[in-house]
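Step one of this worksheet: look at the structure below.
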Amino acid sequence: MGGRTMRLQSRWNRWTIATSLVALAISTTNIGWAEKVDYENDIAPIFEDRCVYCHGEDEQESGLRLDSRPHMMRGGDSGLPALVPGHPEKSLVMDVIRHLDEDMAMPPDDDQLPDEEIETIARWIAEGADWPGQMDAVFENESDHWAFQPIVRPDVPPLSNNEDKTLQPVDAFLLSRLAEDDLAYSDAADPRQLIRRLSIVLTGLPPSPEEAEAFVDDFSRDGDLAYEQAVDRLLQSPHFGERWAQHWLDVIRWAETNGSEANLYRKNAWVYRDYVVRSFNEDKPYDQFVQEQIAGDSMGAGEATGYLVSGPHVPAATVGREPTAIRQARADRLDEIMQTVGASVMGVTVGCARCHNHKFDPISIQDYYSMTAVFQDVEFGSRQPEFSADHPLRKRGQEIWKQIQSERAKLREAGGWEEDWGAYRELHFPVATITAVRIRFKTPNLGLDELEVLGPHGLNRNLADSREGTIVTGFPEEGTDGRNPIERVNDGEYGTMAWRTKLDAKKEERPWVQFNFQSPQTINRLRLSNNREYFYDTDYLNKKPFLPKYQFDMDIMQDDGTWQPWTGTWAVNDKLLKNNPQRKQTLNSIQKLIDQLSEEGPQPSFVGRFIEPVVTRVLLRGSPESPHDEVMPAAPEIFDGDLGLDSSASGPERRREFARWLTSPENPLTARVMVNRVWHHIFGTGIVPTTSDFGRAGALPTHPELLDWLSAEFVSPASADTSAWSVKSLIRMLVMSEAFRQSSSPNEKGLERDAGSALLWRFPPRRMEAEVIRDSILMASGSIDLKIGGRSYRIHNEKATYAQWQVVNNHGPETWRRMLYQERMRRVDDQIFTAFDFPDCGQVRAKRPVSTTPLQALNLMNSDFVLEQSDRIATRALRESNDELDIAIERCFELLLGRSPTETERAACSQVAQDGNLALVCRALINSNELAFLP
């Protein structure tokens, strides 16, 4: 395939040169042709005879029309213009009639057009493609699809038969639709079921028996007030953000491994998860939430850009160094960003336009690559996130940094010292103002991806960086085998592209590096690393790049051009410690603080790194080896997506402008998609069942007017007490509805006319997610650690780079946190709750599938986790009932199901428990549908 691609590229290059020369000749001298090509006499006969029967008004194979100038300029399914007036070399029609690619050769079943006809068409295009009667015609890119129309707030339906009760608009729309099928709401839900439903929907945790009992008591006195207070309490719970973060992470395929062959761990990716939790808890306006995830580096929310790199990717080590493979992998990574943005916020399958125009929706291949241009500065990897001043990690980091500086002050007067920061080693020495510095290494073999020189002003500014104008020289300049040159030590890039030396140890010559600065610089530190990118990007490997303690001496250039020895690692590491034994204790204190900072303060995290954006071109059939016309950063044309940018715009500017367009109140998709997504998580199915596809291939809305009313209310609330784009206000409105508060019990009439309960004549029962089942069991045993945020708990081993992850502890005390905080690994079965359709994070999961398998029952009966927790539940029940078995049985029901047992249940359980098997009773309750289903 690679050879064929190269041949096609070679032919394409030859044709481009030839047609460019033809066009130039025509435009400058017009030599050889006395008259301009006439469309009616010279071009139309060729098209009508050879082309229009397949590409005319009645039939357009490959979506291409050749009987219309604007349609030719628009192009067919390939997305490339068939006609670019003045440029035959850019006109796809010339490629296909020249038979440059056998798969696209036209006519397909006939011989190639005669050379004179091809030449005539080329001349016609080069002369401007004059087409009488069509020179002012313009292609109208329009769509009548409902989701692409502006949001207009509809009137709330009047309901004459409910005049005695004030209906909220949600119920008015729903009841109006139910009436068309002669249906109505079911009776109100039992209060005990209602509080369980509400608590799980809002927080993912069932109410404690005491909370449920208190609600039932309050409900008996004033049901509406008790329910409203419960809603407000749960919306303010810190566990609300955890529940709704779980839904968002599903949609964007967020995980802590990259999913490739190596499936490497993404170091500190969890800071993005915690950002999502905080955002929902703070009720961050949804438009701001979206903007921060696209351009958070400019908004004091740098960790939010973890959204852009949430999808899977193949790391550089797996891609290799073949240029074509590197280009293909880069295109694939940009496509992952397109999938994330398209599915989660836009509700459009943008990725379908990667190789050709979208088959169903008005998204062209130009639109696709214009969107990739927006994100050209984003690369999968780690960076130090840009945190706001009040960010908890930044505040804690400042506290630890003060302690580090205090300890450093104790060392400074006596001389230099060395610190190990994991990713690099940092040598501190007395301040010097110099124009050049030279480092002489004592070992013949080196591997350095970067050697940085830093000063007291500007904590992380590398004065040796080539972009500062610093010139690097040294020995050996070409590195090992001429493939690892010395220029790599100050190119500002970390990773595998390093300066490497391998000299004869028996000879005296040793490696050295010299930096000449553009002007005098004040320095006090050196940093050395050999693969800093690898250290920042991944973890939990049993073999990682190791930076030896290279010994070296450093010289500084005097004003007269001579060199003065200044310091060296031997003096720092050995001589000073020998002469000052107390320094060792201070160095140990600094090292402990460094380790503490890596856990509790800001740290490089897998939230994306930034590179210099390049010019973006349309790729024919999605191949990076077939670049065509340049496109500017923009959103899809059908949505007025012109951002007013060109290829000179900086990366942050591109993403900021795109984020503003995406969250504009005029955007027809953003509010609709989020409102529908929230509806889905509350009622089990979206108003649009295909929650991430609002295009023509998606499902139609069951209640289109209601969807638009909610979307309008979400963006511009009618009440001054409600904030725009407030997710909590939207959720509150929905759970306060009568629709949410009705019973889930079926009735014959409802099942006959709406078996799926899509019209909401009852609350649709559904099985709960794996996280809810597991967390409910931990809640019942009293074992759950409800700490919010922080590093994920581990259930896997450490592994070799290309080995697979193995589950080594999925039930011990260190794992008793909410399942949201379990390491989220792609393509790895946790051996218990993956059976309950936990996503593998490889594909967008806007709606989790619900399966029923024997493995689910086996895991809930016999897994180590359930066996251990059942024992703990039984022990708790006996303790809280003073070892009275009948009361303990009742307590088990309360803890697991939120209710007392019936007499039949009590009798059956008593017989089992009397044989000393109260834990077996708990296992049976854990395995019941009642625990696993939302009532």
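Since the structure is predicted, the reported quantities are computational estimates derived from the model, not experimental observations. We're numbering straight along the sequence, starting at 1.
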Can you name the closest pair of heavy atoms from [X] and [Y] and give their distance?
X	Y	result
V378	R655	CG2-CD, 3.8 Å
S466	D491	OG-CA, 4.0 Å
H811	W816	O-NE1, 2.9 Å
A464	T470	O-CB, 3.5 Å
W499	W512	CH2-O, 3.9 Å

Is the F441 ring parallel, tilted or perpendicular to the Y550 ring (thresholds 30°, 60°)?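 Rings of F441 and Y550: perpendicular, as their planes differ by over 60°.
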Using the six-membered ring wherever Trp is involved, compare the ring planes of F289 and Y275 and label them parallel, tilted or perpendicular (cut-offs 30° and 60°). parallel
With F380 as reference, evaluate R609, R333, R330 under the side chain to side chain contact (heavy atoms under 4.5 Å, CB included) test and give the passing residue.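 It is R333, the one option of R609, R333, R330 that forms the side chain to side chain contact (heavy atoms under 4.5 Å, CB included) with F380.
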Matching residue for R532 among E450, E452, E493 - test: salt bridge (Lys or Arg N to Asp or Glu O under 4.0 Å): E452
Please determine if [X] and [Y] form a salt bridge, counting it only when a charged side-chain N lies under 4.0 Å from a carboxylate O.
X	Y	value
R253	E336	yes
E407	K410	yes
E814	R794	no
E426	R527	yes
D539	R266	no
E600	R396	yes
R827	D840	no
R791	E599	yes
E292	K284	yes
D481	R483	yes
R440	D555	yes
R467	D465	yes

Student check: side-chain heavy atoms of [X] and [Y] closer than 4.5 Å:
X	Y	answer
S260	P315	yes
Q591	D420	yes
Q405	K402	no
L577	L587	yes
F606	K267	no
L393	V271	yes
L427	F552	yes
Q521	T433	no

Could you tell me if [Y] and [X] have a donor-acceptor pair between their side chains, going purely by distance under 3.5 Å?
X	Y	answer
W248	Q293	yes
T569	Q551	yes
D537	S382	yes
N445	T443	no
H391	E303	yes
E419	W417	yes
Q822	Y793	yes

Partner of Y265 under ring pair (Phe, Tyr, Trp, His ring centres under 6.0 Å), chosen from Y534, W270, Y540: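 Result for ring pair (Phe, Tyr, Trp, His ring centres under 6.0 Å) with Y265: Y540.
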